Amino acid sequence: MPVLDERLVPIFEEVLSRNPGEAEFHQAVREVLESLGPVVTKHPRYADSAVIRRLCEPERQIIFRVPWVTDNGKTEVNRGFRVEFNSALGPYKGGLRFHPSVYLGIVKFLGFEQIFKNALTGLPIGGGKGGSDFDPKGRSDAEVMRFCQSFMTELYRHIGEYTDVPAGDIGVGSRELGYMFGQYKRITNRYESGTLTGKGLSWGGSQVRTEATGYGTVFFVDEMLKTGRSGLDGKKVVVSGSGNVAIYAIEKVHQLGGTVIACSDSGGYVYDPEGIDLNLLKDIKDVQRDRISDYALARGPKVSFVPNGSIWDVPCDIALPCATQNELDADGAASLIRNGCQIVAEGANMPATPAAIRLFSSAELRFAPAKAVNAGGVATSALEMQQNASRDSWTFEYTQDRLAEIMRSIHDRCLETADEYGSPGSYVAGANIAGFTRVADSMLALGVI
Ligand code: NDP
Ligand code: 2IT
């Protein structure tokens, strides 16, 4: 493990002792602190002012009961979370995740990452995250609605256009956001569009928000390729997951001339050498809400389904992990390197383990971290807020151009910052330092808050 600067060791030790058992949060904090040594050397004010200690402690953490009734009349009790991590740059902003694995440590890791990601966009948004250990899989629409209504019956008092603006994440898409917005509107008697993002187009949503995280991921990769005077044309790409981020990453790779030959869900992966049939995938995943194994069944014998297999064993030029945290470990990384993969860019949040990242940095492979690569989703959420505030709606083309420009600017800022702090070419150092300095400077300007 890389050593931490001696001024950062006590901060990390405090994070460990104050947040016991929250492994994902520890991992996310450590990854940022590992980049900050040169920053506190160059600018001792960051170490002297306790701004880093303050950043590691959420401004507010809300945990609540979510009771709801199944179609069979049984009462279920889930736990709801909203961690309002940092509001130095704007209202707390970040998604809601519904997945059985959700607990405080997951919400805190995601909220912590969100602070720096949102800072990198250059837009006026603070960092937060929320969710529940509710599992939407196998639940009817009516059950999902009752759960969402109960969740919002508590959450509504904590959020608002100027306070905290949630959106989607794993298990939360336009269906769930619709039920939550409906309940928010009903309780508050306000059509406050800017209180949630990722809304449907007919009720205050923005063009391109659905596609934004996946498209933005591929725009970022395109910028990486351009620095080597190359492009996506003819490239073989592997994308893990088959949810919102994965589907629109696949769509943009295909639009830019690459071919996605494999994707997955938690049951395994499909290998489709001719390229993923996106209309079929969208129908199976978005409409039928079925499994990736059904995709292979529908495509016939030319497509294989590998249950519980590692998608990183499929040889490719570019790998885009777009499913979940820690899905790409050292074995997966070794396999990608062995098979000649050139770029790994994180569409999901923290999908590569620290051991995998260490292997990438010692190989001829370029690695780009989530807080830069997948920032297009939240950036387009901020564009949605901007449209809501001005009661305007922009065209698809204009919004997509704004997204592409934001991704280009994040990419360039990462490389410039990495250069400035003595780690040329490191997107990890660039993203962490550029995100950190913007937030920390604002916090210092606002006093000890
Ligand atoms: P979805 O719920 O739409 O899709 C999630 C996908 O990941 C599904 O294919 C799911 O498979 C798979 N997956 C989830 N958990 C696991 C697991 N434990 N093991 C293997 N596969 C798993 O979520 P999104 O596409 O929205 O989110 C994907 C990632 O992108 C997350 O890390 C999220 O935080 C991140 N992200 C999302 C943004 C957004 O705008 N939506 C923005 C930025 C980042 P299965 O159905 O089998 O569970
Ligand atoms: O991880 C993320 O950036 C998201 N889930 C999107 C957050 C948002 O507010 O759009």
Side-chain angles (χ1 to χ4, degrees), residues 24 90-102 106-107 109-118 120-121 123 125-131 135-138 159 164-177 195-199 205-206 208-217 239-250 263-270 281-282 284-286 289-295 308-311 320-328 346-352 370-385:
E24 296 83 0
Y92 309 106
K93 181 82 198 85
L96 297 170
R97 175 178 292 191
F98 293 169
H99 192 271
S101 62
V102 167
I106 295 269
V107 183
F109 117 64
L110 290 164
F112 186 75
E113 290 268 299
Q114 199 83 46
I115 305 170
F116 306 101
K117 179 194 308 191
N118 294 5
L120 276 175
T121 67
L123 298 164
I125 40 180
K129 199 84 185 192
D135 187 358
K137 270 201 202 85
I159 63 175
D164 183 354
V165 184
D169 194 80
I170 290 179
V172 179
S174 62
R175 174 181 61 169
E176 292 74 19
L177 286 164
T195 225
L196 282 179
T197 61
K199 299 183 293 299
S206 171
V208 192
R209 177 60 190 90
T210 303
E211 297 85 354
T213 312
Y215 278 20
T217 295
V239 174
S240 66
S242 48
N244 171 269
V245 180
I247 283 175
Y248 291 100
I250 296 171
C263 66
S264 64
D265 63 20
S266 55
Y269 73 85
V270 290
L281 183 68
K282 282 182 182 173
I284 287 175
K285 282 292 172 180
D286 283 351
R289 296 183 188 273
D290 275 342
R291 310 302 302 156
I292 201 72
S293 51
D294 295 305
Y295 173 91
N308 303 316
S310 169
I311 194 171
L320 305 178
C322 292
T324 195
Q325 65 277 351
N326 293 327
E327 55 163 317
L328 170 48
E346 296 186 316
N349 285 310
M350 208 168 77
K371 48 176 92 64
V373 174
N374 73 31
V378 76
T380 308
S381 279
L383 302 182
E384 182 173 331
M385 292 162 72

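All of these numbers come straight from a predicted model, not from anything done at the bench. Remember, it's 1-based here, ligands and their atoms both numbered in the order they're listed. Values below: every heavy atom of this structure, side chains too, minus hydrogens, waters and symmetry copies.
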**OP:** Could you list the residues that satisfy side-chain contact (heavy atoms from CB on, under 4.5 Å) with Val239, not counting sequence neighbours?
**Re:** Val237, Ala246, Ile250, Val260, Leu320, Cys322
**OP:** Please state whether Met350 comes within less than 4.0 angstrom of ligand 1, counting heavy atoms only.
**Re:** no
**OP:** Output all residues satisfying side-chain contact (heavy atoms from CB on, under 4.5 Å) with Lys282, sequence neighbours left out; order by chain, then residue number.
**Re:** Ile247, Tyr248, Glu251, Leu278, Asp286
Original post:
Of the protein's non-hydrogen atoms, which lies at the shortest distance from atom 46 (O) of ligand 1, and what is that distance?
Top reply: Arg291 NH1, 3.4 Å
Original post:
Against heavy atoms of Ser242, which atoms of ligand 1 measure under 4.0 Å?
Top reply: 9 (O)
Subject >> Numbered atoms of ligand 1 (with element) below 4.0 Å of Gly241, judged on heavy atoms >> reply: 9 (O)
Subject >> Protein contact of atom 45 (P) of ligand 1 - nearest heavy atom, named by residue and atom, plus distance >> reply: Ser266 OG, 3.5 Å
**OP:** Flag Asn374 as yes when one of its N or O atoms lies below 3.5 Å from any N or O atom of ligand 1, and as no otherwise.
**Re:** no
**OP:** For Cys322, take its heavy atoms, then give the atoms of ligand 1 lying under 4.0 Å from any of them.
**Re:** 28 (C), 29 (C)
Subject >> For Asp294, side-chain contact (heavy atoms from CB on, under 4.5 Å) partners two or more places apart >> reply: Ile284, Asp290, Arg291, Leu297
Between the protein and ligand 2, which nitrogen or oxygen pairs come in under 3.5 Å, and how far apart is each?
unit_1, atom_1, unit_2, atom_2, d
ligand 2, 1 (O), Gln114, OE1, 3.4
ligand 2, 1 (O), Lys117, NZ, 3.0
ligand 2, 1 (O), Lys129, NZ, 2.9
ligand 2, 1 (O), Asn349, ND2, 3.0
ligand 2, 3 (O), Gln114, NE2, 3.0
ligand 2, 3 (O), Lys117, NZ, 2.8
ligand 2, 5 (N), Lys129, NZ, 3.2
ligand 2, 5 (N), Gly168, O, 3.1
ligand 2, 5 (N), Asp169, OD1, 2.9
ligand 2, 9 (O), Lys93, NZ, 2.6
ligand 2, 10 (O), Arg209, NH2, 3.0
ligand 2, 10 (O), Ser381, OG, 2.6

**OP:** Check each atom of ligand 1 against the heavy atoms of Gly347 and keep those under 4.0 Å away; list them by number with element.
**Re:** 30 (O), 44 (C)
Original post:
Just which atoms of ligand 1 are under 4.0 Å from any heavy atom in Arg209?
Top reply: 40 (O)
Original post:
Any idea which of Ala348, Ala323, Pro136, Ala249 brings a heavy atom closest to atom 12 (C) of ligand 1?
Top reply: Ala323
Original post:
Numbering the atoms of ligand 1 from 1, which are under 4.0 Å from a heavy atom of Arg97?
Top reply: 31 (C), 32 (O), 33 (C), 34 (O)
Original post:
What atoms in ligand 1 come closer than 4.0 Å to a heavy atom of His99?
Top reply: 15 (N)
Original post:
Taking only heavy atoms of Thr213, which atoms of ligand 1 are found under 4.0 Å from at least one of them?
Top reply: 38 (C), 39 (C), 40 (O), 42 (C), 43 (C)
